There are 2 protein chains.
Amino acid sequence: MGQDLPVTSFALLGLFTFGDDDGPRSLTGYELKQVADATLRFYWVSPAMSQVYKELSRLAERGLVSPSDDERGTTYSITSAGRSALETWMRESEPGFSVLKHPIALRLLLGHLVDPSTTLAMLRNHLEALDREREALVEVRESLRGADAPRQTFRHPSLVADWGLEYFAHERLIIDDLIRRIDQDE
Amino acid sequence: MGQDLPVTSFALLGLFTFGDDDGPRSLTGYELKQVADATLRFYWVSPAMSQVYKELSRLAERGLVSPSDDERGTTYSITSAGRSALETWMRESEPGFSVLKHPIALRLLLGHLVDPSTTLAMLRNHLEALDREREALVEVRESLRGADAPRQTFRHPSLVADWGLEYFAHERLIIDDLIRRIDQDE
DNA sequence: TGTAGCATGTAAGCCGTTACATGATTGA
DNA sequence: TCAATCATGTAACGGCTTACATGCTACA
């Protein structure tokens, strides 16, 4: 019974596997969305609230998470079937290549349609957006300190966060360089 | 009459603005797909054939491209309305931030669910995939030589391609480093 | 003669979004 | 008491994909 689910389902399911101290965590839909916004959004997606609830229903239907009532609302935890479905997915499915949707790159491609000053303004705005995103990721990274050593709970999340920080830093350099090159062209 | 179309429509429409020598190009749906695969795919999307034809119909309905018959089949060219819709879109709409869907990063996040050797194998495979993608982009970049100087037709496409090449090179370094770190953890 | 590439679509369906709706709790 | 946050959904719809179908041309 191979689980045929979109990657986003497994991504959300995976967020339940990061236990604090006392075992795997239980989360309400609302909380799950917070966690996804803090982590998944940088390299996967930030699903809409309605999508999160829909996913939780589907995962529950299949027995991969189990709901229980709690003073916080309806909380979900991963089941052992959920955990093994995740492990199977990790081991046996093809990751596929990454997909980037980069509106700035797209508009730079079409730069011949507008004034260079328009393109430059766009790139400068992008630098600011980049800094804001980077700041948000820095905070995520900081929050992992203390449990980010090899074999600790947040080892892998911290590796991914470091990757993301490098990505932002490097993109900053590239954009700076593009601004310089376009400035010179004039 | 603001054109309310998905970004992909403008992306495809934009591909018609790169004239060779004798004005803007005319393309069949099939050819448009080839161009998109060679360029858009690296930082936007590679739309399915069926999607390309659907977009062409919609763009034609709105008068942004005009079809004409040709020995190659039905070819389309951008109209002046199409061109000004593109320019307006470039100047007046918000780009928004980039969205990355990176299955490798996602699976690295969940590395605690599998053997380190599984993660290492995944990262090594990713290095090879990265090299293949890079090679494809190198060829695109090379094909732009000769028209990539400031103010020439392929100036902006070549800036974007250079950006992409740097991106791939840097990701390679990051993955190498991750492999080293995970190796050491054991 | 058969396979690969060129050329053009239709149909079904999933993923995910926005808009809308509701209600409890907490703190300014 | 009013706004923000927590909490949970439904409905409608758009974007894009896969699967399917068709036919022509060039070439090995």
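The shown structure was predicted, so the numbers you read here are calculated from the model rather than taken from an experiment. Chain letters run A, B, ... following the sequence lines, proteins first, then strands; residues in each count from 1. Only heavy atoms go into these numbers, but all of them, side chains included; no hydrogens, no water, no symmetry mates.
A perpendicular orientation is assigned to the rings of B:F42 and B:F168, their planes being inclined by more than 60° (bins at 30° and 60°). Relative orientation of the B:H126 and B:H102 rings is perpendicular, given thresholds of 30° and 60° on the angle between their planes.
In the displayed structure, B:E94 atom CD is contacted under 6.0 Å by at most 12 heavy atoms of other residues, nucleotides or ligands.
Considering only heavy atoms from C-beta on, B:L109 stays 4.5 Å or farther from A:H156 through its side chain.
Under the 6.0 Å cut-off for aromatic ring centres, A:Y167 and B:H170 do not qualify, their centroids lying 6.0 Å or more apart.
For B:L56 and C:dT8, the CG to P distance is 9 Å, given to the nearest whole Å. Between A:R41 atom CZ and C:dG16 atom P the separation is 17 Å, expressed in whole Å. Rounded to an integer number of Å, the gap from CG of A:L59 to P of C:dC15 is 12 Å.
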If a protein heavy atom is under 4.0 Å from the base, mark B; if only from the sugar-phosphate, S; if neither, -; do that for nucleotides 5-16 of chain D going 5' to 3'.
-> SBBB-B----SB
